[in-house]
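Worksheet: the structure to be examined is printed underneath.
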Protein chains: 2
Amino acid sequence: MRATYATKPREQVSAVLRREKRYLSAAEIHAILRKSRTNVSLSTVYRTLDLLAGKGQASARVDERGETTFVVCDQSHHHHAVCNGCGKVEDVSCEAIESVAHALRSHHGFKLADHEMEFFGTCGACR
Amino acid sequence: MRATYATKPREQVSAVLRREKRYLSAAEIHAILRKSRTNVSLSTVYRTLDLLAGKGQASARVDERGETTFVVCDQSHHHHAVCNGCGKVEDVSCEAIESVAHALRSHHGFKLADHEMEFFGTCGACR
DNA sequence: CCTAATTTGCGAATGATTTGCAAAATCATT
DNA sequence: AATGATTTTGCAAATCATTCGCAAATTAGG
């Protein structure tokens with residue numbers, strides 16, 4: 001069995017994600033850490049992000065420039081509301097999906113198994 | 001002003017997308033064309049896909065391996081139902097989003113501007 | 001068929017991500 | 001707090017999808 005060590009570099013990478021609460025690429029996280037004189041190699045940033053995503057503690061998305069970006073999020077099923085202003089991401093539950101599942105079944109003969117949603121707009125703080 | 005020529009390679013790339021109706025990467029399209037002894041360079045496949053996506057005639061998604069894949073779709077706002085069995089993609093309209101927008105506003109103070117949804121399940125033919 | 005404009009194909013360049021490996025850090029036990 | 005087994009780190013090199021430069025080929029229109 002493979003153990004997982006709690007190391008300083010890993011904690012520093014997650015700390016950035018927890019503090020920022022917005023989608024960040026490995027390079028951005030690396031840059032943020034350097035600014036605060038915290039040296040974590042880019043490789044380790046990548047490895048830590050994969051680890052967090054694997055544990056479901058972070059979720060990934062590819063931005064328009066083709067870079068993979070990550071946010072912290074809880075492990076239950078949910079969706080993200082991304083603010084166009086500050087970039088902050090809020091977790092959103094999905095009750096509304098039941099009616100969509102029914103419509104897919106009756107109009108398309110499609111049996112829904114899973115779904116992904118993402119919302120973009122303006123958060124309370126930015127309004 | 002920039003004119004757009006209707007060329008044989010472009011037509012061949014779109015023909016593959018129209019025939020397959022599922023998410024395909026540039027490399028996959030290139031391979032499919034080669035099998036039918038149709039030689040279109042990989043660069044041209046990429047360029048044509050960008051063109052179609054730009055015109056809204058195809059939509060892109062990044063798969064788990066990190067490759068960008070494309071499907072044909074209509075230009076109006078809609079979502080995709082992807083079959084886990086055959087991979088075929090169906091366009092789905094979104095009426096259900098109104099209630100979601102309202103919930104986001106009242107529960108999160110979030111003003112919805114745009115959204116993305118993707119559905120996964122089993123299509124009529126595969127059941 | 002001519003000419004100008006656009007596109008193609010090739011190979012080289014790019015840029016994000018991964019990987020190999022030796023050195024450093026972590027953990028559970030003395 | 002020292003030991004030893006295991007995991008992680010950092011670096012540089014390798015990978016791999018995608019982009020780019022440019023000469024040759026194709027297209028649109030008169």
Side-chain angles (χ1 to χ4, degrees), chain A residues 1-18 20 22-55 57-72 87, chain B residues 1-18 20 22-55 57-72 87:
Chain A
M1 170 99 47
R2 179 179 195 75
T4 305
Y5 291 180
T7 68
K8 202 180 295 185
R10 280 176 185 171
E11 166 53 25
Q12 285 158 335
V13 171
S14 342
V16 171
L17 283 178
R18 285 196 306 271
E20 300 285 340
R22 58 194 174 94
Y23 279 104
L24 293 171
S25 68
E28 287 171 320
I29 294 171
H30 187 242
I32 289 172
L33 287 173
R34 291 186 99 194
K35 244 183 254 172
S36 56
R37 296 198 224 77
T38 308
N39 286 325
V40 175
S41 76
L42 186 55
S43 305
T44 295
V45 175
Y46 272 109
R47 286 186 281 229
T48 303
L49 290 173
D50 285 348
L51 206 66
L52 292 173
K55 290 198 287 182
Q57 294 177 4
S59 110
R61 91 184 291 275
V62 179
D63 69 14
E64 47 290 335
R65 292 211 287 304
E67 284 184 312
T68 305
T69 57
F70 296 81
V71 224
V72 277
Chain B
M1 168 100 46
R2 180 180 194 72
T4 305
Y5 289 0
T7 69
K8 200 181 295 185
R10 281 177 184 170
E11 166 53 24
Q12 285 157 335
V13 170
S14 346
V16 171
L17 283 178
R18 284 197 306 272
E20 300 284 340
R22 58 194 173 95
Y23 279 105
L24 292 171
S25 68
E28 287 172 320
I29 294 170
H30 186 242
I32 288 172
L33 287 172
R34 290 185 99 197
K35 243 183 255 173
S36 56
R37 296 198 223 76
T38 309
N39 286 325
V40 176
S41 76
L42 186 54
S43 304
T44 295
V45 175
Y46 273 108
R47 286 185 282 229
T48 303
L49 291 173
D50 286 348
L51 205 67
L52 292 173
K55 289 196 288 181
Q57 294 177 3
S59 110
R61 89 183 292 274
V62 179
D63 70 13
E64 47 292 333
R65 293 211 286 304
E67 283 184 313
T68 305
T69 57
F70 296 80
V71 223
V72 276

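In what follows, chains are A, B, ... by sequence order, proteins preceding strands, each numbered from 1.
A side-chain donor-acceptor contact under 3.5 Å links B:T69 to the backbone of B:R61. Judged purely by atom type and a 3.5 angstrom limit, A:T38 uses its side chain to pair as donor or acceptor with the backbone of A:S36. Between the side chain of A:H30 and the backbone N or O of A:S41, no donor-acceptor pair lies under 3.5 Å.
Using N1 to N3 plus N6-O4 or O6-N4 for Watson-Crick, or N1-O2 and O6-N3 for G-U wobble, each under 3.5 Å, D:dT6 pairs with C:dA25. Base pairing analysis places D:dG21 opposite C:dC10; the two distances defining the Watson-Crick or G-U wobble pair are each below 3.5 Å.
Using a 4.0 Å heavy-atom cutoff across all strands shown, B:A6 reaches sugar-phosphate atoms only and no base atom. Base engagement by A:S43 is indicated by at least one non-hydrogen atom pair under 4.0 Å involving a base atom. At a threshold of 4.0 angstrom between heavy atoms, the contacts of A:D50 are confined to the sugar-phosphate backbone, with no base atom among them.
The residue among B:P9 and B:S25 whose nearest nucleotide of DNA chain D lies closer to the 5′ end is B:S25. With the nearest nucleotide of DNA chain C identified for both A:A27 and A:R47, A:A27 has the one nearer the 5' end.
With rounding to whole Å, B:R65 atom CZ is found 18 Å from C:dA16 atom C1'. Computed from coordinates, the B:Y46 OH to C:dT14 P distance equals 18 Å when rounded to whole Å. Atom-to-atom, CD of B:E11 to P of C:dT8 comes out at 12 Å; the value is rounded to the nearest Å. Between the P atom of D:dT7 and the CZ atom of A:R2 lies a distance of 6 Å, rounded to the nearest Å. Between A:E67 atom CD and C:dT17 atom P the separation is 6 Å, expressed in whole Å. Separating the CD atom of B:E64 from the P atom of C:dT17 is a distance of 16 Å, rounded to the nearest angstrom. One can place CZ of A:R10 at 8 Å from C1' of D:dT7, the figure rounded to the nearest angstrom. A straight line from CD of A:Q12 to P of C:dA25 spans 13 Å, rounded to a whole angstrom.
Interatomic distance, CG of A:N39 versus OG1 of A:T44, reported as 11.0 Å (0.5 Å rounding).
Within the 4.5 Å cutoff, side-chain heavy atoms of B:L52 are placed close to those of B:S14.
A:T44 contributes no side-chain N or O that forms a donor-acceptor pair with the base of D:dT8 under 3.5 Å. A donor N or O paired with an acceptor N or O is not found under 3.5 Å between the base of C:dA25 and the side-chain atoms of A:Y5.
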